[in-house]
Amino acid sequence: MGFIGSGSIGRTLAQLAVGAGHQVVLSNSRGPETLADTAAELGPRASAATSEEAAAAGDIVVVTVPVSAFPHVPAAPLAGKTVIDTCNYGPERDGHIPELDNKSLTSSELLLRYIPDALLVKAFNNIFFKHLLSLARPAGAADRSYLPIAGDSASAKAAVTEFIDSIGYSVMDAGTLADSWRQATGTPVWGTPYGPYSNEKGQPVGEDAIRAALATATR
């Protein structure tokens, strides 16, 4: 697993991935030396590298950066690879982007413009990082939670579903990248089903609740 960006969601996913037996290569915009402590905490399955190296190393690569940083995501090493997009658009942080403000594009479709040869899947953008860590459950657990994913490649969705299953979650297919607005910031499936931020343990969410939340989204 390669990570482009190592903020709260990136680090949490890396922790879950290492726990599930995956190798992880972390990167950020400040250089690998700033991630040495994080890699050491995660143990021998983790290392730090440049964004280009992390992109090249991963069988699956997680892009978890501000939308304003999309132009800096390395495109060449992601060609043909399954890429997970966890990103959420926030004009107060990212500045106003006309195609996102007028909703002619989803943020994932915008990212795909910068990495056009990647097989992109939207996932993990709708859950608080502390809930992501605390709600992981083994396969078959009665209180296992569901996460929505969206993408245009069936093979990439299958690879992401397998990864998500390995770290303790089941998957709800939420459609194509064009449909991924249904899990964007402020939609019914974004954050709320898993409980308030004040409850760091969160609450498990089943398939029916995720399906209903996606269905009630409006644009």
Side-chain angles (χ1 to χ4, degrees), residues 2-13 27-31 50-52 54-55 58 60-129 132 147-154 156-157 160 171-194 197 210-219:
F3 287 81
I4 298 174
S6 297
S8 297
I9 282 286
R11 289 175 189 230
T12 301
L13 276 175
S27 73
N28 63 17
S29 61
R30 300 188 306 278
T50 66
S51 294
E52 289 78 8
I60 297 176
V61 180
V62 179
V63 174
T64 179
V65 299
V67 170
S68 57
F70 283 179
H72 307 297
V73 175
L78 296 177
K81 288 199 175 186
T82 295
V83 175
I84 298 174
D85 165 25
T86 79
C87 310
N88 287 309
Y89 173 51
E92 69 288 342
R93 177 195 62 192
D94 298 314
H96 283 279
I97 299 171
E99 297 96 330
L100 301 185
D101 287 340
N102 66 26
K103 299 175 181 175
S104 62
L105 284 181
T106 64
S107 59
S108 290
E109 290 174 308
L110 179 64
L111 176 57
L112 196 60
R113 288 186 172 182
Y114 292 101
I115 52 172
D117 298 318
L119 305 174
L120 196 62
V121 178
K122 188 79 167 188
F124 301 113
N125 73 298
N126 73 309
I127 186 169
F128 181 43
F129 74 96
L132 179 61
L147 293 168
I149 68 169
D152 299 335
S153 164
K157 279 183 173 178
V160 172
V171 165
M172 163 66 63
D173 190 329
T176 65
L177 290 182
D179 297 320
S180 63
W181 64 268
R182 291 186 176 276
Q183 64 196 75
T185 306
T187 59
V189 83
W190 188 78
T192 304
Y194 307 98
Y197 287 5
I210 296 298
R211 181 181 286 109
L214 289 166
T216 55
T218 56
R219 199 173 190 182

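- Between Cys87 and Val65, the closest side-chain pair of non-hydrogen atoms falls below 4.5 Å.
- Note: Lys157 NZ to Thr176 OG1 = 7.0 Å, rounded to the nearest 0.5 Å.
- Closest approach of Ala174 to Asp179, counting heavy atoms only: O-CB, 3.5 Å.
- Between Leu13 and Thr64 the shortest side-chain heavy-atom distance does not fall below 4.5 Å.
- When every heavy atom of Tyr194 is checked against every heavy atom of Val189, the shortest pair comes out as CE1-O, 4.2 Å.
- Taking CG from Asp85 and CD from Glu109, the interatomic distance works out to 11.0 Å, rounded to the nearest 0.5 Å.
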Checklist entry - Under the side-chain contact (heavy atoms from CB on, under 4.5 Å) criterion, do Leu78 and Asp117 qualify, and how do the steps go? => result CA-CA 7 Å; Leu78 296 177; Asp117 298 318; over 6 Å; no
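- Distance check: Ile84 CD1 to Ser108 OG gives 11.5 Å after rounding to the nearest 0.5 Å.
- Closest heavy-atom contact between Pro148 and Gln183: O-NE2, 3.5 Å.
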Item to check | Steps toward side-chain contact (heavy atoms from CB on, under 4.5 Å) verdict (Asp152, Leu120) | outcome: CA-CA 7 Å; Asp152 299 335; Leu120 196 62; over 6 Å; no
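- Remark: Asp101 pairs with no residue by the salt bridge (Lys or Arg N to Asp or Glu O under 4.0 Å) rule, at least two apart or across chains.
- At least one donor-acceptor pair closer than 3.5 Å links the side chain of Trp190 to the backbone N or O of Asn125.
- Summarising the geometry, atom OG1 belonging to Thr86 is positioned 12.0 Å from atom CD1 belonging to Ile127; distances are rounded to the nearest 0.5 Å.
- Under the side-chain contact (heavy atoms from CB on, under 4.5 Å) criterion, Glu52 pairs with Thr50, Pro74, sequence neighbours left out.
- The shortest distance between side-chain heavy atoms of Tyr89 and Thr185 does not fall below 4.5 Å.
- Taking each heavy atom of Leu112 and Ala118 in turn, the nearest pair found is CD1-O, 3.8 Å.
- With hydrogens and angles ignored, the 3.5 Å screen pairs a side-chain donor or acceptor of Lys81 with a backbone N or O of Gly58.
- Rounded to the nearest 0.5 angstrom, Phe128 CZ and Thr12 OG1 are separated by 9.0 Å.
- Between the side chain of Lys122 and the backbone N or O of Ser107, no donor-acceptor pair lies under 3.5 Å.
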Which atom pairs, donor and acceptor, lie under 3.5 Å between side-chain atoms of residues 211-219 and protein residues at least two apart or in another chain?
from, atom 1, to, atom 2, distance (Å)
Arg211, NH1, Asp208, OD1, 3.4
Arg211, NH2, Glu207, OE2, 3.1
Thr216, OG1, Ala212, O, 3.2
Thr216, OG1, Ala213, O, 3.1
Arg219, NH2, Lys103, O, 3.0

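- Ser6 contributes no side-chain N or O that, together with a main-chain N or O of Asn28, makes up a donor-acceptor pair within less than 3.5 Å.
- Nearest heavy atom pair, residue Ala55 against residue Ile4, reads CB-CD1, 3.9 Å.
- Pairing each heavy atom of Thr106 with each of Leu177, the nearest pair is OG1-O, 3.1 Å.
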